[in-house]
Amino acid sequence: MALKALDIYKLLPKKNCKECGDPTCLTFAMKLAGGKTDVELCPYLDDAAKAVLGATTRPPIRLVKLGIGERSFVVGEEFVFYRHEKTFYHPPGIMFKISDTQTPSDIMAVTTRVRDESFTRVGTDLRFNGIAIENTSGTADSFARAVETVEKTADLPLVLIATDPLAIAAALTHCGTYRPLIHAATAENRKEFCLLAKQHGCPLVIKGKTIDELAQLAKDCAADGVQDLILDLSPDSFQDFIVKSTTIRQLAITRAAPDLGYPVFLDASIMEMQDAGIALGIAKYASVIVSTPLNPATAKAALTLRQNIYTDPQKPIQMNPGLYRVGEPGKNAPVLMTVNFSLTFFTLQGYLESTRLPCFMLIVDTEGLSVLTAVAAGKLSETLVRDSIKKFAVEDEVSHRKLIIPGYASPLSGRIEEATGWKVMVGPRDAAEIGEYLHEEWKQ
Ligand code: SF4
């Protein structure tokens with residue numbers, strides 16, 4: 001079981017020397033309890049204390065890095081079973097699969113797509129993460145050539161999928177120090193795959209049919225010196241994946257089975273319904289998901305789902321409060337006030353852009369709450385609006401004194417008028433109606 005901060009503190013040398021990077025031993029203990037620092041950073045701990053603290057304070061699921069450079073990403077280091085208990089921290093990497101039997105131009109097309117494609121949602125650029133190259137030809141030369149083609153096209157994290165260690169070895173000569181994920185060591189080929197992972201500093205997928213088999217394999221690989229492991233559960237159905245993935249997550253986060261404390265791999269492309277497999281992987285703890293290149297609609301759905309599952313449920317995605325411009329508004333442009341819940345912001349902004357009427361958006365700080373919730377919770381008030389008008393110098397930007405507020409904030413209209421001295425116009429409840437509203441009501 002994990003130790004509490006106070007128990008950890010009792011084991012520390014209490015010199016308050018700051019050598020660990022924390023101002024006091026107590027803050028170091030608190031961070032250790034949350035798995036946010038490393039016991040090795042305190043030089044005064046003896047080996048016995050390190051052994052006790054290390055086993056109970058390191059993250060229950062190991063952090064594993066794929067690739068290097070700008071597009072590299074990390075997975076693992078998760079702490080909870082349910083998203084609402086805290087949050088999920090590291091979204092799964094979704095890797096498009098290609099085969100070494102495809103032509104170089106086809107391989108380049110998929111690689112270029114993953115390199116360049118991005119979809120912006122609520123202010124965040126969403127992307128696929130890398131390429132999984134499968135040795136379907138069965139020859140080491142073709143595999144190495146396919147990997148070389150991908151490497152020459154883009155610097156992306158890779159998964160090398162082959163059963164033959166010689167094929168992996170040939171492919172790795174083209175990867176330099178780029179740390180591709182090697183797939184996959186089994187009980188039969190463990191020694192050869194561990195050797196390659198160690199030589200090239202690569203993370204390694206281990207594959208087993210049962211949870212016990214995976215635990216034993218993980219233990220053996222760690223003993224061979226390879227600790228950056230990812231678990232392939234070899235699911236033969238959706239149900240099989242759910243059962244194994246949730247069992248492993250539970251055992252890992254409760255530290256009941258430390259040998260299973262690694263991220264999970266899922267090849268959705270070999271499942272009967274790939275799209276459902278991707279959704280299942282995102283929702284149920286897969287950290288690396290392989291799929292064939294997705295059509296645009298499925299691609300957006302997968303990226304949106306991943307973004308939603310991996311946002312902090314206790315912290316709505318927020319915009320910075322401020323005065324935002326839509327187009328190039330002049331002195332007579334309307335000013336629309338709304339909250340800093342990013343979904344509200346981007347929805348309204350989209351509809352305002354389509355009206356082609358330049359305007360200002362005054363975004364007030366409701367701690368990311370939507371209009372209705374902010375009004376009900378008392379987070380949206382006349383004083384907040386008054387202070388925001390002042391803080392963001394709205395009076396310097398327009399010559400009129402009219403403020404359009406969201407329909408759901410109508411109970412505050414009188415109080416906002418009194419507090420600000422601005423004439424308040426109550427806008428529609430639904431942002432989709434803002435174009436029609438402005439057309440009919442905004443006369444300057
Ligand atoms: Fe305390 Fe060790 Fe950090 Fe020094 S290095 S402040 S003794 S925890």
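As a basis for the values below, the full set of heavy atoms in this structure was taken, side chains included, without hydrogen atoms, waters or symmetry mates. Ligands are counted one by one from 1 in listed order, and the atoms in each one are counted from 1 as well. The shown structure was predicted, so the numbers you read here are calculated from the model rather than taken from an experiment. Along the sequence shown, residues carry numbers from 1.
Remark: ligand 1 atoms within the under-4.0 Å shell around heavy atoms of Lys18 are 4 (Fe), 6 (S).
The residues Arg386 and Glu382 are annotated as not salt-bridged, no charged nitrogen and carboxylate oxygen being separated by less than 4.0 angstrom.
By the 30° and 60° cut-offs, the orientation of the rings of Phe88 relative to Tyr310 is tilted.
Pairs of residues two or more places apart, or lying in two chains, that qualify as salt bridge (charged side-chain N to carboxylate O under 4.0 Å, His left out) and include a residue from residues 199-215 are Lys209-Asp236.
When the shell of 6.0 Å around CG of Asn320 is examined, it contains 12 or fewer heavy atoms from other residues, nucleotides or ligands.
Residues Ser237 and Asp240 have side chains that never bring a donor and an acceptor to within less than 3.5 angstrom of each other.
For atom 2 (Fe) of ligand 1, protein N, O or S atoms closer than 2.8 Å were enumerated as Cys42 SG, with waters left out.
Aromatic pair Phe360/Tyr324: centroids not less than 6.0 angstrom apart.
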